[in-house]
2 protein chains.
Amino acid sequence: MTVTRERALSASLEDYLEAILNLSAGSKVARSKDIAEVLEVSRSSVTGALRTLAEKQLVNYKPYGFITLTNQGWAQAEKVVRRHNIIKSFFVSILGVDPTTAGKAACRAEHALGPQIVNRLLHFIEFATANNNSGLDLAKEFTKFCENNFDKVGPDAGEQI
Amino acid sequence: MTVTRERALSASLEDYLEAILNLSAGSKVARSKDIAEVLEVSRSSVTGALRTLAEKQLVNYKPYGFITLTNQGWAQAEKVVRRHNIIKSFFVSILGVDPTTAGKAACRAEHALGPQIVNRLLHFIEFATANNNSGLDLAKEFTKFCENNFDKVGPDAGEQI
DNA sequence: TAATATAGTTAGTCAAGGCGAACTTTTCAA
DNA sequence: TTGAAAAGTTCGCCTTGACTAACTATATTA
């Protein structure tokens with residue numbers, strides 16, 4: 001049996017994969033320039049990352065050619081996106097954080113939280129939804145609780161962390 | 001008014017500060033060797049980090065001398081520790097994650113989650129506690145929910161993220 | 001107190017991941 | 001169809017943060 005040693009991707013490379021997947025989904029083709037724009041990185045940095053990802057067989061890439069994800073790369077990218085969505089969803093729908101802040105935080109946290117915790121977050125969302133259906137809206141209760149106890153002076157007043 | 005431009009600390013430097021605070025709290029003095037041990041890093045890396053932190057006036061450091069936190073460094077370190085504890089606490093007491101996994105994840109996530117979200121997590125813990133007192137034990141309910149829906153085959157079976 | 005073990009530092013190296021400037025390819029409009 | 005403009009690449013450089021090996025300072029103990 002041939003074992004391909006695949007080391008865990010760095011946060012940075014995961015970001016590139018994620019961006020490529022998102023761009024591919026949107027417009028069918030991921031252009032180097034757009035990746036740079038999305039990740040707020042120079043075009044030359046993108047080239048470097050693409051070379052690395054190609055070495056790892058995660059993207060099909062030849063200079064001046066099209067950029068596509070390999071099957072392996074697609075799978076990896078989907079995992080990242082999935083993690084991202086679960087985390088963001090938790091922030092928004094349970095914690096009541098605004099989508100923009102939640103998205104940015106998810107971007108960073110998606111590289112920090114392992115499968116067990118992400119799974120638990122997912123379950124928790126499901127739990128809240130189930131509870132919601134059976135009468136208790138957890139998110140709403142929490143929001144009310146925050147309003148009563150912390151938000152008296154205004155939205156998110158008194159942040160001192 | 002003199003403004004000291006203090007750039008945000010890198011994750012790595014935050015880790016050093018945190019380790020120094022924890023060691024100081026435990027044994028009154030943080031030794032270079034112990035920092036290396038805690039962070040699983042070479043002694044020379046510690047020296048390098050201490051030099052950087054000293055430049056930023058966050059530690060009092062002279063070669064071969066004692067290592068202590070400045071007031072500023074102490075304040076920063078406490079923020080990091082506070083963030084860490086809130087996040088870990090959420091993982092353990094709400095999500096029901098084991099303390100070891102939770103601690104490691106908190107270590108990584110504490111650099112990724114901003115004040116708003118950490119605050120919300122803290123509030124959520126308080127919310128759960130308040131609810132707990134008034135009859136509904138959220139954490140217990142969630143655990144039950146997980147057991148009923150996901151843990152049928154064993155603890156954390158079916159992790160596919 | 002001298003010898004040695006331990007702690008700490010220095011110097012040199014490396015890899016990752018960024019950048020800008022200059023160059024090459026491709027595209028598109030006149 | 002040709003010549004700019006846009007897109008992409010290459011090159012050289014920088015920073016961060018880690019490492020090892022070799023050195024120096026401090027502590028300990030016989």
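Letters A, B, ... mirror the listed sequences (proteins, then strands); counts begin at 1.
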Atom pair distance, as rounded to whole Å: NZ in A:K62 and P in C:dT26: 13 Å

For DNA chain C, the residues among residues 11-25 of chain A that have a non-hydrogen atom under 4.0 Å from it: A:S12, A:Y16

Rounded distance in Å - CZ (A:R31) to C1' (D:dG8): 11 Å

Donor + acceptor pair across side chains of A:S12, A:S10 (<3.5 Å): no

Between P of C:dT26 and CD1 of A:I67, the distance in whole Å: 14 Å

A:K56 NZ - C:dG17 C1' separation (whole Å): 13 Å

Residues within residues 38-51 of chain A bordering DNA chain D, heavy-atom distance below 4.0 Å: A:R43, A:S44, A:T47, A:R51

Polar-atom pairs under 3.5 Å, protein N or O versus N or O of nucleotides 23-27 of chain D: list them with distances, or write none.
unit_1	atom_1	unit_2	atom_2	d
D:dT24	O2	B:Y64	OH	3.3

N or O in side chain of A:T52 less than 4.0 angstrom from C:dG17 OP1/OP2: no

Check: A:T70 side chain, A:Q57 main-chain N or O, donor-acceptor pair, under 3.5 Å: yes

Any side-chain donor near an acceptor of the partner, B:N60 and B:T68, under 3.5 Å: yes

Extract all donor-acceptor atom pairs below 3.5 Å that involve side chains of residues 86-94 of chain A and protein atoms in other chains or at least two apart in sequence.
unit_1	atom_1	unit_2	atom_2	d
A:S93	OG	A:S89	O	2.8

Passing option when A:E110 is tested against A:R82, A:H84, A:R83 for side-chain hydrogen bond (donor to acceptor under 3.5 Å, both in side chains): A:H84

Sequence-distant partners of A:R31, side chain to side chain donor-acceptor pair (under 3.5 Å), two or more places apart: A:D34

Gap between atoms NE2 and P, on B:H111 and D:dT16 respectively (whole Å): 17 Å

Close side-chain approach of A:L9 and A:L58, heavy atoms under 4.5 Å: yes

Length of the CG-C1' vector between B:L9 and D:dT15, whole Å: 16 Å

Non-hydrogen side-chain atoms of B:L136 and A:L136 separated by less than 4.5 Å: yes

Length of the line joining B:I35:CD1 and C:dT6:C1', which is rounded to integer Å: 16 Å

B:K144 bridged to B:E147 by N-O distance under 4.0 Å: no

Residues in side chain to side chain donor-acceptor pair (under 3.5 Å) contact with A:T47, at least two apart in sequence or another chain: none

Spacing of A:N71 atom CG and A:Q76 atom CD [to the nearest 0.5 Å]: 12.5 Å

Value in whole Å for how far the P atom of C:dT27 lies from NZ of A:K33: 15 Å

